[in-house]
Undergrad: 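The structure's right below; bear with me while I get my questions together.
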Number of protein chains: 2
Amino acid sequence: MIRTLAAASLLAAAPLAAQSIPSPDKVAALRDAALKGDQYAWDITEGLTTEVGPRLAGTDDEARARDWSVRKLTAMGFANVRVETFDMPVWVRSRESAEILAPFPQPMVIAALGNSASTGPEGLAGEIVAFDNIEALRSAPDEAVRGKIVFIDHSMPANQDGSGYGQFGAPRRQGPTLASKKGAAGIVIRSIGTDHHRNPHTGVMTFNDGARPIPAGALTNPDADQLLRILKRGQPVRMKIVLESRNLGTRQSGNVIAEVPGRDPSLPPILVSGHLDSWDQGTGAVDDASGVAIAAASAKRIMDAGRPLRTIRIVWFGAEEVGLFGGLDYRARHGKEPHYALIESDFGADRIWKVESKLGDARKAEAEAIGKALTPLGIVTGSFTEADGSDIGPMLADGHPGVGLSQDGTRYFDLHHTPDDTLDKVDPAQLRQNVAAWTTVLAILSGGIEEPKARKRR
Amino acid sequence: MIRTLAAASLLAAAPLAAQSIPSPDKVAALRDAALKGDQYAWDITEGLTTEVGPRLAGTDDEARARDWSVRKLTAMGFANVRVETFDMPVWVRSRESAEILAPFPQPMVIAALGNSASTGPEGLAGEIVAFDNIEALRSAPDEAVRGKIVFIDHSMPANQDGSGYGQFGAPRRQGPTLASKKGAAGIVIRSIGTDHHRNPHTGVMTFNDGARPIPAGALTNPDADQLLRILKRGQPVRMKIVLESRNLGTRQSGNVIAEVPGRDPSLPPILVSGHLDSWDQGTGAVDDASGVAIAAASAKRIMDAGRPLRTIRIVWFGAEEVGLFGGLDYRARHGKEPHYALIESDFGADRIWKVESKLGDARKAEAEAIGKALTPLGIVTGSFTEADGSDIGPMLADGHPGVGLSQDGTRYFDLHHTPDDTLDKVDPAQLRQNVAAWTTVLAILSGGIEEPKARKRR
């Protein structure tokens with residue numbers, strides 16, 4: 001995931017009037033049924049990760065994921081199932097390895113960062129110049145860096161709210177450009193992750209300000225620890241990195257969309273979302289199969305209960321990981337249309353611990369009703385003037401209303417963007433709590449559910 | 001590690017007379033000082049894993065480890081530091097990968113088992129035939145297996161005493177031979193491990209009974225889970241494995257030996273040991289840098305305290321992982337010589353929870369004194385007729401006396417034989433508890449320590 005916090009409105013959307021709030025008993029019944037028995041979310045998470053597996057943006061794997069999704073959402077009974085395609089540049093990794101050449105020869109485990117230059121099969125060898133953090137690199141003279149392989153360390157903590165990722169992710173986001181501008185031959189960073197396994201964390205970066213692309217990779221945390229120990233011996237350290245990759249040029253990605261049609265199609269829809277693409281080394285179970293699953297499962301539970309007043313639109317965004325292409329395409333097509341609320345799940349499937357919203361003063365009663373209805377799930381109510389999301393971030397920043405359901409992120413960055421992001425990391429009980437929370441929010445926002453008429457008995 | 005339990009004497013060694021037991025106060029003082037402040041074991045573990053790294057038996061890496069060890073043990077002040085070399089066959093891995101070809105194409109993570117046949121760079125593709133366990137493969141007709149890639153599952157539990165490894169390790173030890181004899185083209189097993197990470201567990205196996213070597217690899221637990229899910233869909237599953245490896249022929253390995261000379265060189269020595277070699281993908285921190293460190297650190301602590309009555313012999317065995325070559329060489333050279341006790345650390349560095357011994361009836365008082373002195377470290381006393389170890393296993397089985405200090409193995413098989421066996425997995429506090437326990441045992445077995453005469457003051 002990439003996070004965009006949208007506290008401020010950059011573009012005023014038309015204010016939306018409040019609507020009546022369904023009875024707490026009806027909402028609670030839907031919530032508790034989801035908590036007790038939801039299978040839809042597990043079914044989608046298991047199916048997508050098993051039958052498609054990794055699905056890097058713009059690749060044939062992601063195209064297979066779209067086909068799978070259209071079949072799945074159609075089979076679940078949703079309406080208007082469709083794909084909105086868009087073009088995007090595609091980068092793919094191939095072989096990668098790293099080794100210390102001197103003073104203590106030994107292999108290391110590395111992954112290329114997205115958009116890394118390729119070393120070619122012969123690799124790149126050079127002396128390591130190490131920095132404790134991005135600021136130390138920023139203030140280093142070019143002479144100290146020129147022709148060398150930069151290593152940037154950091155000390156990212158595991159926080160429940162995931163706040164370490166923004167602050168401590170700078171080595172990945174800005175490090176390659178900085179190193180390149182100073183004349184470095186390549187760059188390796190400590191993985192932007194909180195685990196202690198030999199699984200490197202990849203992630204996207206771009207070379208800005210005209211910086212020449214250079215090879216850029218992430219070492220695992222144990223390898224970064226080892227490199228530091230070797231550096232502390234005081235001898236020059238030479239490393240060889242092989243990071244082969246290719247730019248495939250422009251390829252197609254797309255957003256998969258499906259709907260629960262509202263009784264009044266003229267009303268702005270509620271958008272529930274996650275992203276369909278994943279990084280290429282895991283199966284993207286927590287990032288973000290579980291997210292698309294939670295969004296669709298909660299919409300399905302409302303659909304099973306009856307017809308909501310307003311339409312619920314499910315969007316499974318394409319190409320999030322590599323630059324929010326899906327979110328930006330949706331915004332370009334639909335960003336001027338009113339939406340009643342935007343919600344996205346892109347932070348794993350551990351329990352939701354906080355709800356925030358940005359529905360506007362006129363809808364404070366709705367926001368408060370949501371908080372109250374979520375309390376039995378152990379969810380605290382936070383801000384009424386903030387909501388966040390990755391693909392929906394730009395539209396939230398434009399001024400669209402939104403709700404943010406925050407998962408516990410304590411172990412999220414153990415898995416994020418690694419080969420370890422696999423189905424066994426999803427806890428079915430916590431996944432159900434997520435669906436229960438989302439179902440609760442949809443029950444309140446959807447303007448009342450008209451139950452199906454009882455079938456005639458024969 | 002490879003474990004050999006030696007409850008029975010196959011060859012009667014000369015019974016050894018009991019000796020006087022040092023005062024409990026002196027033993028307790030040595031124990032508590034180690035628990036509080038030992039740095040020797042960390043220093044060795046950190047140094048060997050950092051300055052040498054992986055050290056596969058028979059390779060240049062293991063030779064560098066021997067050189068490092070001789071320098072280190074000499075610098076620590078031990079006497080008679082030497083290497084006893086021996087020849088052994090050497091197998092090394094190179095490139096390895098796996099992928100599902102159909103019905104759901106996706107990559108998997110695999111490692112070759114030691115002595116696997118090489119697929120060559122073109123790899124091996126075939127249909128998977130799956131078995132729940134080794135017995136199911138054993139009873140399968142050859143026609144069901146012929147020309148296919150066998151997959152064997154199992155359900156190894158994490159136990160404190162590590163007992164899952166013996167029982168549930170059969171797919172690795174016997175699976176390849178069984179599969180080959182039934183005409184399989186190759187075999188993949190669920191890693192013999194208890195973790196949920198994408199790091200496969202390698203380990204040695206041999207093709208017995210004239211079985212033709214075939215490619216044999218271990219999938220990670222998450223990949224084995226995924227393969228089962230794919231198989232459950234009911235369609236034929238085709239996999240491609242690339243397991244490149246080479247047999248380098250006969251190469252040299254060796255045991256590194258050092259001593260704390262006893263006051264009476266005619267007395268049988270106490271042997272304290274671990275193994276110097278490691279698997280090639282991690283740095284062998286828990287298997288077995290910490291083991292050789294614990295053995296040497298406890299001997300060093302006795303040496304610091306004064307001169308023991310009998311010699312303490314440190315042996316850092318070579319080539320344990322690939323077939324106990326070091327232990328068997330030591331036995332061939334010294335197995336007829338009496339030893340007062342054999343002790344080995346080869347089960348990580350988590351806290352020792354149990355002591356067992358096989359010192360004979362005449363030395364029951366010694367064995368009981370050991371149990372009593374270890375109680376303050378939270379260690380329970382087990383059998384007086386058993387001791388175990390990997391390299392020392394054959395000599396224990398021959399009838400030599402021994403002491404077994406059992407580490408808590410609950411998380412050992414999360415790391416064992418994987419890239420994840422790195423220094424960050426060693427807990428310095430638990431490592432000190434190990435050294436304290438070993439120092440206690442040596443203080444009791446060494447026959448009394450003569451403290452150095454006070455230096456004359458000028």
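Below, chain A is the first sequence line, B the second, and so on; all start at residue 1.
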Undergrad: Chain B heavy atoms under 4.5 Å from A:Asp225: which part of the residue, side chain, backbone, both or neither?
TA: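 When you check distances to chain B, only side chain atoms of A:Asp225 fall under 4.5 Å.
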Undergrad: Which region of B:Glu46, side chain (C-beta onward) or backbone (N, CA, C, O), has a non-hydrogen atom less than 4.5 Å from a non-hydrogen atom of chain A, or is it both or neither?
TA: both
Undergrad: Non-hydrogen atoms of chain A under 4.5 Å away: do they reach the side chain of B:Thr422, the backbone, both or neither?
TA: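 Interface part for B:Thr422: side chain.
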Undergrad: If you count heavy atoms of other groups shown closer than 6.0 angstrom to CZ of A:Arg95, is the number above 12?
TA: no
Undergrad: Check whether B:Pro103 gets within reach of chain A through its side chain, its backbone, both or neither, counting any heavy atom under 4.5 Å.
TA: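 Answer is neither: B:Pro103 stays 4.5 Å or more from chain A.
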Undergrad: Can you tell me which portion of A:Pro107 sits under 4.5 Å from chain B's heavy atoms? Options are side chain, backbone, both or neither.
TA: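 Looking at A:Pro107, just its side chain touches chain B.
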Undergrad: Can you check salt bridge (Lys or Arg N to Asp or Glu O under 4.0 Å) on B:Arg229 and A:Glu51, steps first, answer last?
TA: CA-CA 9 Å; B:Arg229 282 188 293 267; A:Glu51 297 179 7; over 6 Å; no
Undergrad: Between OG1 of B:Thr49 and CZ of A:Phe104, what distance do you get to the nearest 0.5 Å?
TA: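 Taking OG1 in B:Thr49 and CZ in A:Phe104, the distance rounds to 11.0 Å.
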Undergrad: Can you tell me how far apart CG (A:Leu423) and NE2 (B:His196) are? Round to the nearest 0.5 Å.
TA: 12.0 Å
Undergrad: What part of B:Asp424 gets within 4.5 angstrom of chain A, counting heavy atoms only: side chain, backbone, both, or neither?
TA: side chain
Undergrad: Using the side chain to side chain contact (heavy atoms under 4.5 Å, CB included) rule, pick out the option among A:Arg233, A:Gln106, A:Lys232 that qualifies with B:Thr50.
TA: A:Arg233
Undergrad: Should we count CG of B:Asp60 as having more than 12 external heavy atoms under 6.0 Å?
TA: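 Incorrect, the count does not exceed 12.
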Undergrad: Using a cut-off of under 4.5 Å for heavy-atom pairs, which of B:Gly53, B:Pro222, B:Gly282, B:Ser97 has the most such pairs with chain A?
TA: B:Pro222
Undergrad: Is the backbone N or O of A:Pro419 less than 3.5 Å from a side-chain atom of B:Arg198, with the two atoms forming a donor-acceptor pair by type?
TA: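 Yes; at least one donor-acceptor contact below 3.5 Å.
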